[in-house]
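Structure first, commentary second.
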Number of protein chains: 2
Amino acid sequence: MLKLTRKVEYALIALRHMQTLKPRKLTSAKEIAEAYGLPQQLLAKTLQQMARDSIIEAVQGPSGGYRIMSDLDKISLKDFFEKLEGPLGIMDCYFDSDCIQLGACNIRTPIQRINENMREMFSKMSLREVTQ
Amino acid sequence: MLKLTRKVEYALIALRHMQTLKPRKLTSAKEIAEAYGLPQQLLAKTLQQMARDSIIEAVQGPSGGYRIMSDLDKISLKDFFEKLEGPLGIMDCYFDSDCIQLGACNIRTPIQRINENMREMFSKMSLREVTQ
DNA sequence: TTTAAATACGATAATTTTAGTCGTATTTAT
DNA sequence: ATAAATACGACTAAAATTATCGTATTTAAA
């Protein structure tokens, strides 16, 4: 099924929400969570991670919150996904070495080919294309 | 991470193995499981499913087994993945209707755009490209 | 300068999904 | 008849994901 996690889903919802606001206007995790019925704490973690990755900016204290920081045009979906979820690929034999297979595996190369195609595809799409 | 399940992994290993054999030669779940250190019963289920989908052919009885049936050039990766795992997409909001979101969701359309791109990409790759 | 509302984040619990096993039936070559 | 294979539903185990808890820190504003 090739699915991404909720984290990405919440991140996209939040970004899309922020884009509807006036530039530099802050919005809080609570606000977004209530608006879309998301679990606030989990959403908050996602927002915190995006802040660490400089996709958004966090402002602490009361009347603090988050706002978009980067130019979303300049962030590829590949980078976005990988920042939130780690390396992109249909199977992990590409990066993790402790595969069950010792040397018997016969699909490593073809899998890598698929993975490269996927990465290329998501490299060509910008985050803005998705959030706008 | 966008990962596929073991089912697909085992299916690919099995197909690739069959391709190394003489055409029409049968191989059993046991044989493949032992050769690659896979759980035999689970592999068998995957083979059975591929047989139901007419990708391979099953022959019962002792000295029975499986062999490739379809022209793998004619099966797209999209069809292959969807046969084994159901609809292809990075999130299921496309097909499943019981989403948490009532009408508040703001990312359905962009998600569908990504999903379409993915399906298109996998439509263009044949199963043979991967197993050969 | 106290309070309250927000972010920050590690730890843990709950849930869901995936992976694997078991048991039994059926088929069929020998 | 027997044995080796496929077929498959039911169940268990393990892993991954999702969500919550608890606490610390920051800081605007009363």
Side-chain angles (χ1 to χ4, degrees), chain A residues 1-11 13-14 18 25-34 36-67 69 81 84-87 90-92 96 98-101, chain B residues 1-11 13-14 18 25-34 36-67 69 81 84-86 90-93 96 98-101:
Chain A
M1 231 284 304
L2 275 178
K3 71 174 195 282
L4 291 166
T5 65
R6 283 278 152 81
K7 201 149 71 164
V8 171
E9 184 176 336
Y10 297 162
I13 290 173
M18 288 179 202
K25 174 114 173 66
L26 291 167
T27 181
S28 69
K30 192 179 176 198
E31 238 173 59
I32 302 174
E34 283 173 357
Y36 301 93
L38 311 179
Q40 179 177 335
Q41 302 245 49
L42 190 52
L43 170 66
K45 289 199 169 179
T46 304
L47 293 168
Q48 284 156 27
Q49 184 167 359
M50 284 201 285
R52 279 196 299 274
D53 291 332
S54 304
I55 297 168
I56 60 179
E57 178 185 8
V59 175
Q60 286 197 325
S63 79
Y66 304 91
R67 65 185 151 220
M69 190 183 185
F81 289 159
L84 292 182
E85 308 233 315
I90 59 168
M91 283 169 195
D92 25 345
D96 93 0
D98 58 344
C99 176
I100 337 134
Q101 306 276 2
Chain B
M1 231 285 304
L2 273 178
K3 72 175 194 288
L4 289 167
T5 65
R6 282 279 152 80
K7 201 149 71 163
V8 171
E9 184 176 338
Y10 296 161
I13 290 174
M18 289 179 204
K25 175 115 172 65
L26 289 168
T27 181
S28 70
K30 191 178 177 199
E31 238 173 59
I32 302 174
E34 283 172 358
Y36 300 94
L38 311 179
Q40 180 178 335
Q41 302 243 49
L42 190 50
L43 170 66
K45 289 196 172 185
T46 303
L47 293 168
Q48 284 155 27
Q49 184 168 359
M50 283 201 285
R52 278 195 298 275
D53 290 333
S54 305
I55 297 168
I56 60 179
E57 177 183 9
V59 174
Q60 286 198 326
S63 79
Y66 303 90
R67 67 186 151 220
M69 190 183 184
F81 289 161
L84 292 182
E85 307 233 318
I90 60 169
M91 283 169 196
D92 25 345
C93 58
D96 93 358
D98 58 344
C99 178
I100 338 136
Q101 307 275 2

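Throughout, a chain's letter reflects where its sequence line sits, starting with A, and its residues are numbered from 1. Keep in mind that the numbers below use all heavy atoms, side chains included, and drop hydrogens, waters and symmetry copies.
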Among C:dT18, D:dA5, C:dA8, which nucleotide sits nearest the side chain of B:T5? C:dT18

Closest non-hydrogen atom pair between A:L84 and A:A11, with its separation: CD1-CB, 3.6 Å

Distance, rounded to the nearest Å, where B:R6 contributes CZ and D:dA14 contributes P: 15 Å

Comparing nearest nucleotides in DNA chain C, the 5'-proximal residue of the pair A:K30, B:K7 is A:K30

Hey, does A:V8 have a side-chain heavy atom less than 4.5 Å from the side chain of B:M91? yes

Is there side-chain contact between B:L38 and B:E9, with at least one heavy-atom pair below 4.5 Å? no

Sub-3.5 Å pairs of nitrogen or oxygen atoms, protein against nucleotides 25-28 of chain C:
from, atom 1, to, atom 2, distance (Å)
C:dT27, O4', B:Q60, OE1, 2.9
C:dT27, O3', B:Q60, OE1, 3.3
C:dT27, O2, B:G61, N, 3.4

If you look only at pairs with a residue in residues 43-57 of chain A, which of them pass as a side chain to side chain donor-acceptor pair (under 3.5 Å), with sequence neighbours excluded? A:K7-A:Q49, A:E57-A:R67

If we only count heavy atoms from C-beta on, is the B:I32 to B:M18 side-chain gap below 4.5 Å? yes

When rounded to whole Å, the CD to P distance for the pair A:E9 and D:dT17 reads 14 Å

In residues 40-50 of chain A, what residues come within less than 4.0 Å of DNA chain D, judged by heavy atoms? A:Q41, A:L42, A:K45

From CG of B:L38 over to C1' of C:dA19, roughly how many Å is that when rounded to an integer? 13 Å

Counting just side-chain N and O atoms, does B:Y66 come under 4.0 Å of either OP1 or OP2 of D:dA5? no

Under 4.0 Å between any heavy atoms, over every strand shown, what does B:A29 touch: base, sugar-phosphate, or nothing? Just pick one. sugar-phosphate

Atom NZ in B:K3, atom CD1 in A:I90: separation rounded to 0.5 Å? 12.5 Å

Give, for atom CE of B:M69 and atom CE of B:M50, the distance between the pair rounded to the nearest 0.5 Å. 13.0 Å

To the closest 0.5 Å, what do you measure between CD (B:E31) and CG (B:L43)? 11.0 Å

Rounded distance (Å) that lies between atom C1' of C:dA19 and atom CE of A:M91: 14 Å

Separation of A:E57 atom CD from C:dA6 atom P, in whole Å? 17 Å

Student check: side-chain heavy atoms of B:L2 and A:L4 closer than 4.5 Å: yes

Nearest-Å distance, CZ (B:R52) to P (D:dG9)? 8 Å

Round to the nearest Å and state the distance from A:E85 atom CD to D:dT17 atom P. 8 Å

